[in-house]
Amino acid sequence: MQKQILGLALKYQGEWEKITLGLKQGEKPPCPAISEKYVTWADAQYPALFRQLRYPPWILFYRGDLSLADLPATGIVGSRKACRYGLTMTERCCAALKDEVIVSGLALGIDGAAHRAALRMCRGTIGIAGCGLDRPYPAYNRDLYEELPKANLLLSEYPPHTPPLKHHFPWRNRLIAALSDRIVVMQAGFHSGTMLTVNEALELNREVWCLPYPAMNKEGEGCNLLISQGAEILLEPAQLTRGPGQWTQACKNRVKSMKF
C-alpha cells in the first residue's frame with residue numbers, strides 16, 4: 001500500500017481528496033523512485049498524533065529527525081506581518097520552553113521568529129510546509145529549509161516540485177495543531193489564518209493560549225477575541241511551564257498574600 005499511496009501523491013501533488021478517491025477506486029499509478037524521504041499512513045513509523053485527525057495525511061515527506069514528532073511540543077503561531085511586541089514575546093516564550101519542541105508553519109513573521117528562536121534555545125523545532133520541501137517558501141525563510149534538516153525536522157504532505165498554492169496553507173494548519181500539546185497565538189487579527197489553526201486545536205482538545213493586546217489594537221484583535229471566548233491569557237512566558245490549573249492556583253495564593 002505504501003507504493004500505491006506514494007504513486008497517488010505524486011500523481012495528484014499531495015491533494016488529500018484526490019488521493020482518497022484514488023485509493024477507493026483502486027488506482028495504482030506508476031511510482032518512480034524519489035530522493036525525498038517519506039512515511040505513509042500504512043507505516044509503523046507514521047507519527048501517532050496525526051492519526052487523531054479527522055483527515056490524517058496519507059503521506060508525509062520529511063527531512064531531518066522524524067522522532068521529534070513524538071516529543072512534547074508547543075505550537076507557536078501568529079501573523080505574517082508581525083509587530084515588535086509579538087516578535088519579542090515569541091522570543092521570550094521560546095526561552096521559557098527550552099525543554100520542548102516548537103512547531104510552526106515556516107511563514108513570515110511569527111512563524112519564522114519561533115523557528116529561529118527555537119534553533120537557539122529549545123529542544124528542537126518542526127517546520128510544516130505548504131509546498132514541496134524542494135520549493136522553499138517564502139524565499140525569505142530559505143535558511144530555515146536548509147538549517148532544520150540538520151538536527152530538527154521539516155515536514156510536508158506535498159511531494160517534491162509541488163508549488164505553494166494558496167489553499168495548501170489553511171489545510172496545513174491541522175498538522176501544526178495535531179503535533180502540538182497546546183497552541184500559543186502570539187498575534188492575530190480577526191481574519192487571520194491563525195484562527196484556522198485554533199479551530200483545529202479545539203477540535204483536538206488542545207489548550208489555546210493567547211497574548212493580550214491593548215483595546216482597539218488591530219494587530220491583536222483576534223487574540224483578544226479568543227481570550228474573551230475562553231482562551232488562556234498569556235501574561236508572562238513562565239505560565240507555559242505549568243498547566244492552566246496550576247497557574248490559577250499560584251495566582252490565588254499570590255493574591256491572598258497581598259495587602260490592600
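All figures in this text were calculated on a predicted structure; none of them were measured in a lab.
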Please name the pair of heavy atoms, one in [X] and one in [Y], separated by the smallest distance, quoted to 0.1 Å.
X: Leu87; Y: Ala113; value: CD2-CB, 3.6 Å
X: Pro159; Y: Ala9; value: CG-O, 3.4 Å
X: Ala82; Y: Gly109; value: CB-CA, 3.9 Å
X: Leu66; Y: Pro47; value: CD1-CG, 4.2 Å
X: Val208; Y: Ala201; value: CG2-CB, 4.1 Å
X: Pro136; Y: Arg142; value: CG-NH1, 3.7 Å

Are side-chain heavy atoms of [X] and [Y] found at a separation under 4.5 Å?
X: Leu21; Y: Tyr12; answer: no
X: Asp43; Y: Thr40; answer: yes
X: Ile183; Y: Ile176; answer: yes
X: Thr90; Y: Gln187; answer: no
X: Thr74; Y: Leu240; answer: no
X: Tyr158; Y: Pro164; answer: no
X: Pro237; Y: Cys93; answer: yes
X: His115; Y: Ile102; answer: no

With a sphere of 6.0 Å drawn around [atom1] of [X], does it hold more than 12 non-hydrogen atoms of other residues, nucleotides or ligands?
X: Lys37; atom1: NZ; result: yes
X: Arg116; atom1: CZ; result: yes
X: Arg54; atom1: CZ; result: no
X: Tyr137; atom1: OH; result: no
X: Glu17; atom1: CD; result: no
X: Arg135; atom1: CZ; result: yes
X: Trp41; atom1: CH2; result: no

Would [X] end up clustered with [Y] when hydrophobic side chains under 4.5 Å apart are linked, directly or stepwise?
X: Val103; Y: Val185; answer: yes
X: Leu155; Y: Leu68; answer: yes
X: Leu226; Y: Ile110; answer: no
X: Val101; Y: Leu97; answer: no
X: Tyr62; Y: Leu179; answer: yes

Report the residue from Ile126, Asp111, Leu144, Ile128 that forms a side chain to side chain contact (heavy atoms under 4.5 Å, CB included) with Leu106.
Leu144
Spacing of [atom1] belonging to [X] relative to [atom2] belonging to [Y], to within rounding of 0.5 Å:
X: Ser79; Y: Lys218; atom1: OG; atom2: NZ; value: 14.0 Å
X: Leu10; Y: Ile59; atom1: CG; atom2: CD1; value: 7.0 Å
X: Ile5; Y: Thr20; atom1: CD1; atom2: OG1; value: 9.5 Å
X: Leu133; Y: Thr162; atom1: CG; atom2: OG1; value: 9.5 Å
X: Leu49; Y: Leu175; atom1: CG; atom2: CG; value: 11.5 Å
X: Phe61; Y: Asp134; atom1: CZ; atom2: CG; value: 10.5 Å

Any ion pair linking Glu27 and Lys11 (charged N to carboxylate O, less than 4.0 Å)?
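Result for this pair is yes, salt bridge flagged.
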In terms of side-chain heavy atoms, does Ser67 have a donor or acceptor partner in Asp70 at a distance below 3.5 Å?
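Checked: Ser67/Asp70 side chains show no N/O donor-acceptor pair below 3.5 Å.
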Just by distance, no angles: are the side chains of Gln13 and His168 close enough, under 3.5 Å, to form a donor-acceptor pair?
no
Taking the side chain from [X] and the backbone from [Y], do they hold a donor-acceptor pair closer than 3.5 Å?
X: Asp65; Y: Leu153; value: no
X: Asn141; Y: Ala107; value: yes
X: Thr88; Y: Tyr85; value: no
X: Arg63; Y: Glu36; value: no
X: Ser156; Y: Cys131; value: yes
X: Arg174; Y: Trp171; value: yes
X: Asn152; Y: Thr125; value: yes

Quick one, Leu234 with Ile227, criterion side chain to side chain contact (heavy atoms under 4.5 Å, CB included). Give me CA distance, side-chain angles, the key distance, then yes/no.
CA-CA 9 Å; Leu234 181 64; Ile227 291 168; over 6 Å; no
Kindly assign one of parallel, tilted or perpendicular to the pair Trp16 and Tyr55, based on the angle between their ring planes and the thresholds 30° and 60°.
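Judged by the thresholds at 30° and 60°, the geometry between Trp16 and Tyr55 is perpendicular.
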Carefully, step by step, assess Glu100 and Arg123 under the rule side chain to side chain contact (heavy atoms under 4.5 Å, CB included).
CA-CA 5 Å; Glu100 291 194 25; Arg123 185 173 183 178; 5.8 Å; no
Assess whether side chain to side chain contact (heavy atoms under 4.5 Å, CB included) is satisfied between Trp58 and Leu8, documenting all intermediate values.
CA-CA 10 Å; Trp58 289 110; Leu8 289 167; over 6 Å; no
